Number of protein chains: 2
Amino acid sequence: MNKTIADIAQMAGVSKSTVSRFLNGGSVSLDTKRKIEKVVKATGYVPNTFAQSLKAKRTNIIGTVVPRLDSFATSHTLMGIDEELRSQHYQMLISNTSQDVKREIEAIYEFARQKISGIILLAAQITDDHLTAIQDISIPVLLVGQQHEQIHSLIHDDYRAGYDIGAYVLSQGHREIAYVGVTERDVAVGVQRKEGFRQAVRDALPAGCYTDEEMRAAGYDIRYYETGFKMSDARIAASAILDQFKPSLMVCATDNIALGVINAAYSKGITIPSDLSVTGFGGYDITEVIHPALTTVQYPYMEAGRVAAQNIVRLVEHKTVEPVTVMDYSLIERESVDKR
Amino acid sequence: MNKTIADIAQMAGVSKSTVSRFLNGGSVSLDTKRKIEKVVKATGYVPNTFAQSLKAKRTNIIGTVVPRLDSFATSHTLMGIDEELRSQHYQMLISNTSQDVKREIEAIYEFARQKISGIILLAAQITDDHLTAIQDISIPVLLVGQQHEQIHSLIHDDYRAGYDIGAYVLSQGHREIAYVGVTERDVAVGVQRKEGFRQAVRDALPAGCYTDEEMRAAGYDIRYYETGFKMSDARIAASAILDQFKPSLMVCATDNIALGVINAAYSKGITIPSDLSVTGFGGYDITEVIHPALTTVQYPYMEAGRVAAQNIVRLVEHKTVEPVTVMDYSLIERESVDKR
DNA sequence: CTGAAAGCGCTTACAG
DNA sequence: CTGAAAGCGCTTACAG
């Protein structure tokens, strides 16, 4: 395991330069090629990564910054990235920031220091500090899950998904709906999904029906709430909502929130879906196995990871990439929504 | 970002050696120390990792080999490892093997090639190839979740946990029990949990009651089954079991399996816990929020990760570590077990 | 305490 | 196509 390029050169009876050229696909005569190949195979020689990187000033490593590790979306995206990167002979390095924006910035600089070739950034929001860091390091960055005009982005089609969920539940006859969203600082989850949904409602309303009163007169009562990303937060929020409003359906901005809502409903003796229908966003595995199974939007996280990996590699290799890549999704109708 | 040690030396009016010594805590006079410190701060100098590693022939990186990323146990263990490593100024590198044993072996060699300082191995089973690889690389390895006499190990107390679950469900009056386990090739999950449970049953039996017939005469009917780790597999297995055996309780070797069982029960119109009680192992977040909440054994995965990190760092630094570290657990009684 | 020098294992112009 | 040489940015005996 400890052979150096000098050993190989000596054993093959050529110079180090030639071996290096052979390794990196430079021009080498067929004859020497064979000689070196034999020695490399026999010795199991592998070049020292550090020496390579020190000279070449770059690595075959893609750094991925993630806000958390214990999330279905993150882990599946990571698996997709890892798989694709591996097939392209790149390595994935993960930096977990535990939802700490300061650590996100640090991670970006730290990756730069380590001469990482490219960075995939899974972030809930992009601040000026992010922008500054990305500018500073002059390394390709791909944003996943959010969109920003100054950064190559890969997103899920949150707006359309929100619209589809809205159109679907309306088509099932629901008119009294609580939309349980998250902070608008997360544009994808907090704004896009909600606005998509809101637009679906608008499109369903009779013409000229805009104000809350007009909506109510038309039989619609749609209210918007905000909670955190954690199931426990959602449970508490849902409990409070249900004390003051009796919707026939709750649209939740994530599957986790939906799970919290379902739990809160059970605690109050509310049966799903006959008393209360529920929908989510995400398509986590667990949503299929609970009872009743959750109607939700399924995002192709693993596939998104693969595409993200392809894009960042293209960026690293100075090939063109669309400013924004939009992934598809599917609406999965299961048991948690009743007809009204 | 591009200063080298030579620049710093020049700016501080000392030699490169002295700067290096300062950086690595060697003996430097207070005066020079101050001079160098000032320059380092002013320039924001950070040493080039590759050059360091190339010379020093070691890194501050700990490699972690994981069979999968999308598991509660894995992700929480990783978070604990990462957190602790970070605080000790080590970095964590993750290699996901997608449950492919061959890739586990490759990952070990690859880490060695990259001069990683130590390896934390989360593996379901240890083969001869693992042993050979670990021998070959001569880098400290810590095994997490499984125990092996030739490798420093950190385990959860699966046997005692199995015993406790057994004693608990017996104390609740259950006598007709299906134990739904996994392959015995996974010693921790497949053997230890089951044998702990089996011993609890033995200890509860009247003296001199050994054979199946004697057990049945004493009112006990305990049957053992095996399934896969996936919810979907467990669902199918449970469905088949319930067609031929009507236990009052099913003890599942993992929370995932329990989730599959619960789903199968619902599909058959079996109510939990009144018709059928269920228990799991793991303590995944989701088990608390489903209805009814799952009675299970909770393992401190995050804490285990932290301890694992401490241990591997001690190993790397040639300090002593116990051959086996055993983590504690807690039995969480919730709603999925009825009294009989 | 401090510095000059060698060397870690590669790659890359530059000649030939 | 091939080789000698310089150099990437550090660290580490070795002198002083």
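In the text below, chain A, chain B and the rest are named by the order of the sequence lines, each starting its count at 1. Just so it is clear, the structure is predicted and the values come from calculations on it, not from any experiment.
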K.L.:
Expressed in angstrom and rounded to an integer, what is the separation of D31(B) atom CG from dT2(C) atom C1'?
P.N.:
13 Å
K.L.:
Within the 4.0 Å limit for protein heavy atoms, which parts of nucleotides 8-16 of chain C are touched? Write it as a string from 5' to 3', B for base, S for sugar-phosphate only, - for none.
P.N.:
BBBBBB---
K.L.:
Let me confirm one number: the OG-CG distance from S71(A) to L69(A), rounded to the nearest 0.5 Å.
P.N.:
9.0 Å
K.L.:
For K33(A) and dT2(D), give me the distance from atom NZ to atom C1', rounded to whole Å.
P.N.:
14 Å
K.L.:
What's the verdict on salt bridge (Lys or Arg N to Asp or Glu O under 4.0 Å) for D70(B) and R68(B), showing C-alpha distance, side-chain angles and the deciding distance?
P.N.:
CA-CA 6 Å; D70(B) 60 335; R68(B) 48 189 296 191; 3.2 Å; yes
K.L.:
For dA13(C), give the paired nucleotide (Watson-Crick: N1-N3 plus N6-O4 or O6-N4; G-U: N1-O2 and O6-N3; both under 3.5 Å), or none.
P.N.:
none
K.L.:
Under the 3.5 angstrom rule, does the side chain of S153(A) hit a backbone N or O of H148(A) as a donor-acceptor pair?
P.N.:
yes
K.L.:
Do the ring centers of Y301(B) and H156(B) come within less than 6.0 Å of each other?
P.N.:
yes
K.L.:
Using purine N1 to pyrimidine N3 plus N6-O4 or O6-N4 for Watson-Crick, or N1-O2 and O6-N3 for G-U wobble, each under 3.5 Å, what pairs with dA4(D)?
P.N.:
none
K.L.:
Looking at dT2(D), I'd like to know if its phosphate oxygens (OP1 or OP2) sit under 4.0 Å from a side-chain N or O belonging to T18(A).
P.N.:
no
K.L.:
Give a yes-or-no answer on whether the side chains of Q146(A) and D186(A) include a donor-acceptor pair shorter than 3.5 Å.
P.N.:
yes
K.L.:
Has S27(B) got a side-chain N or O lying under 4.0 Å from the OP1 or OP2 atom of dC1(C)?
P.N.:
yes
K.L.:
Check whether N24(B) reaches the backbone of S20(B) with its side chain - one donor and one acceptor, N or O, closer than 3.5 Å.
P.N.:
yes
K.L.:
So what does T32(A) touch, heavy atoms closer than 4.0 Å: a base, only the sugar-phosphate, or nothing?
P.N.:
sugar-phosphate
